[in-house]
Protein chains: 2
Amino acid sequence: MNKELDKTVCTNVEWVGRAHCDRCHIRRLMFFSELPDSAFEHLLQPVDQFIHAAGSTIFEAGTRKKFIYSIRRGMVKLVHTAEDGTNRIVRLIGPGSAIGLELLDGADSYHHSAIAINQVDLCKIPVPTVEQLESEYPELYQHVVQQLQDQLDLADQWIVALGAGTAKQRVAQLLLVLDKFFAENNDEFILLSREDMAAMIGIAVETVSRMIAEFKRQKILYKTDNNLYTCNTAELLKIAQQD
Amino acid sequence: MNKELDKTVCTNVEWVGRAHCDRCHIRRLMFFSELPDSAFEHLLQPVDQFIHAAGSTIFEAGTRKKFIYSIRRGMVKLVHTAEDGTNRIVRLIGPGSAIGLELLDGADSYHHSAIAINQVDLCKIPVPTVEQLESEYPELYQHVVQQLQDQLDLADQWIVALGAGTAKQRVAQLLLVLDKFFAENNDEFILLSREDMAAMIGIAVETVSRMIAEFKRQKILYKTDNNLYTCNTAELLKIAQQD
DNA sequence: TGATATCATTGAGAATCATCAGTTTTCTGA
DNA sequence: TCAGAAAACTGATGATTCTCAATGATATCA
């Protein structure tokens, strides 16, 4: 199912500059939210800021790098690739969340591949720096625990909502998830590719397409802009939960 | 799918006694593994030990209790129940793992119900006691992080292995998961009820039964004892991964 | 802007799975 | 040890979904 996703891996990454966490205007939303300004005076290794183009790979599963990434803007998909090349999307990660946290507790390589869905703005934080700050500021542990718990909740939601039911129900659930996830201020959201959606709910691409097309015809889902969509949440909920 | 699991909730719970963590012979496997004996001299609230009979509920989703549980022996299923009564098993938890960790970071109630699969031997640890020990011994945070990361890995494995593929592939994957999970020393494992298996992989009970029966006929799965089974791992892997 | 590649949609037939109903097996308690 | 209940298994049928193939729409780039 869904083989050879991303045949042409575009590695379009732009270095934006050294991060100055003490002057970061969104720090209270980010990985170092609990730390005082003074914490960043003597970092073991510096934090850098990057912009990843849509489709570019942030890290690949199994790679032995030593960085975690705090997402400032954009959406990242965590992908598991099986031996036969089958891809499965395990989680979507948005602004304020961190990826690569497995490195903080002994894992020697990333557990998934992380790929930018749209343009992603992120901070690249060396693991030794995190460990240094953890030992100096135990409150950072609290934040890591919070992050992991949030991601565990997401994974559970994924299992419950996207892992059972008919194809139509799963697509409806997925749209509800996307709506809640992307819609920060407005209620528009980016509709993912059929391939990505299929890789999330474990059904064929054509089936996803059929369901999406049907929802569009029924005006449950409508395009507002380029590839921005809005949906009728109430109607989707009814579909998702019907017996 | 799989409605009215556990119509007769047996709440057979036996108090074994106050836990003396400083003298616990398996502490290095348990939640307080990193702490010194002296840590337990002045606990805010005591830790108690219980035995739960198979099928009994350890806690129910949404309950506002203030305890986490460290599993000493036996298997626990974490169950999500939808509004319509549909049950979905989100995770299996075994010895050395802890449940209810969501309470440690602000959640005011359990996210799932926890039900004993076989006889479960556990320690009931009050949240204030954990918080006390966390502030005195920051290394306990490390352990919580480890626990959460382990459970996140389990959840991801669940999504990848049990969420896609044909019914036969999913059942094969599930048997492999059970084999790896239950088989501590020997290679026998408890075969769950068809209802539980269906609730894990999101297919109909009858379909699970058909697949299991087929595996038995093909001698890929054989009963060794009461309801202990052994499986041909290589053969199951082949089935699980075939195109 | 037009050519081309990629993605989304649709159709049709085959394969898979859910459902309902009935049978067999296993478990449980008197 | 036996009767009754629960769980597991099986068969038949219809609905759903996958697969293969073709067409339409959209994006990209020279």
Side-chain angles (χ1 to χ4, degrees), chain A residues 1-10 12 53-55 86-87 117-118 162-172 174-175 190-199 201-218 221-223 225-229 239 242-243, chain B residues 1-10 12 53-55 86 117-118 162-172 174-175 190-199 201-218 221-229 239 242-243:
Chain A
M1 216 168 290
N2 310 306
K3 306 195 172 178
E4 297 172 46
L5 207 90
D6 303 312
K7 253 168 298 191
T8 55
V9 175
C10 153
N12 194 345
T86 307
N87 283 304
I117 290 177
N118 44 18
L162 306 180
T166 65
K168 186 185 287 192
Q169 290 174 319
R170 294 192 198 194
V171 174
L174 176 54
L175 290 176
I190 298 170
L191 199 56
L192 303 180
S193 74
R194 305 296 171 271
E195 195 172 9
D196 277 354
M197 290 199 259
I201 54 186
I203 65 179
V205 177
E206 295 92 331
T207 307
V208 175
S209 182
R210 270 181 251 272
M211 300 308 158
I212 292 289
E214 188 183 333
F215 288 155
K216 283 185 194 165
R217 277 191 291 270
Q218 295 174 350
L221 178 71
Y222 22 90
K223 181 187 277 193
D225 200 1
N226 197 9
N227 61 346
L228 289 177
Y229 284 78
I239 292 170
Q242 75 195 184
D243 212 353
Chain B
M1 215 169 293
N2 310 305
K3 305 197 176 179
E4 298 172 47
L5 208 88
D6 304 311
K7 255 168 296 192
T8 55
V9 175
C10 152
N12 194 344
T86 307
I117 289 177
N118 43 21
L162 307 180
T166 66
K168 187 186 287 192
Q169 290 175 318
R170 293 194 199 193
V171 174
L174 176 55
L175 290 176
I190 298 169
L191 199 57
L192 304 181
S193 74
R194 305 296 170 271
E195 195 172 10
D196 276 356
M197 290 198 260
I201 54 187
I203 64 178
V205 177
E206 295 92 331
T207 307
V208 175
S209 181
R210 270 182 252 272
M211 299 306 156
I212 293 289
E214 189 184 332
F215 289 154
K216 282 185 194 164
R217 277 191 292 269
Q218 296 174 348
L221 179 71
Y222 21 89
K223 180 186 274 192
T224 56
D225 201 2
N226 196 9
N227 62 345
L228 289 177
Y229 285 78
I239 292 169
Q242 75 195 186
D243 214 351

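Reminder, nothing fancy here: chain letters follow the sequence lines and each chain counts from 1.
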Under 3.5 Å, side chain of Glu195(A) to main-chain N/O of Val205(A), donor-acceptor pair present?
no
For Ala164(A), does its backbone N or O pair with a side-chain atom of Gln169(A) as donor and acceptor, under 3.5 Å?
no
Measure the CD-OG1 distance between Gln242(A) and Thr166(A) for me, rounded to the nearest 0.5 Å.
7.0 Å
Rounded to the Å, how far apart are [X] [atom1] and [N] [atom2]?
X         : N       : atom1 : atom2 : value
Lys223(A) : dC7(C)  : NZ    : P     : 15 Å
Leu228(B) : dT26(C) : CG    : P     : 16 Å
Phe215(B) : dC9(D)  : CZ    : P     : 13 Å
Glu214(A) : dT10(C) : CD    : C1'   : 13 Å
Asp196(A) : dC7(C)  : CG    : P     : 10 Å
Ile201(B) : dC17(C) : CD1   : P     : 10 Å
Ile212(B) : dC9(D)  : CD1   : P     : 7 Å
Leu192(A) : dA8(C)  : CG    : P     : 10 Å

Can you list everything that forms a side chain to side chain contact (heavy atoms under 4.5 Å, CB included) with [X]? Sequence neighbours excluded, please.
X         : value
Gln218(B) : Glu214(B), Phe215(B), Ile220(B)
Ser209(A) : Arg194(A)
Lys223(B) : Tyr229(B)

Among Leu175(B), Thr207(B), Leu174(B), side chain to side chain contact (heavy atoms under 4.5 Å, CB included) partner for Ile212(B):
Leu175(B)
Could you run down the sub-3.5 Å N/O contacts of the protein with nucleotides 11-13 of chain D?
from, atom 1, to, atom 2, distance (Å)
dG11(D), N7, Arg210(B), NH1, 2.9
dG11(D), O6, Arg210(B), NH2, 3.1
dA12(D), N6, Arg210(B), NH2, 3.4

N/O (side chain, [X]) to phosphate O (OP1/OP2, [N]) under 4.0 Å:
X         : N       : answer
Ser209(B) : dC9(D)  : yes
Arg194(A) : dT26(D) : no
Lys216(B) : dA8(D)  : no

To the nearest 10 degrees, how far apart in direction are the end axes of the helix from dT1(C)-dA30(D) to dA30(C)-dT1(D), each fit to five base pairs?
60°
Dump the intermediate steps for side chain to side chain contact (heavy atoms under 4.5 Å, CB included) on Lys168(A) and Ile239(A), then the final yes or no.
CA-CA 8 Å; Lys168(A) 186 185 287 192; Ile239(A) 292 170; 3.8 Å; yes
What's Arg170(B) touching, base or sugar-phosphate or nothing? Going by heavy atoms closer than 4.0 Å.
nothing
For Ser193(A), what residues pass the side-chain hydrogen bond (donor to acceptor under 3.5 Å, both in side chains) criterion, not counting sequence neighbours?
none
List, with names and distances, any nitrogen or oxygen atoms from the protein found under 3.5 Å away from nitrogen or oxygen atoms belonging to nucleotides 14-17 of chain D.
from, atom 1, to, atom 2, distance (Å)
dT17(D), OP1, Ala167(A), N, 2.5

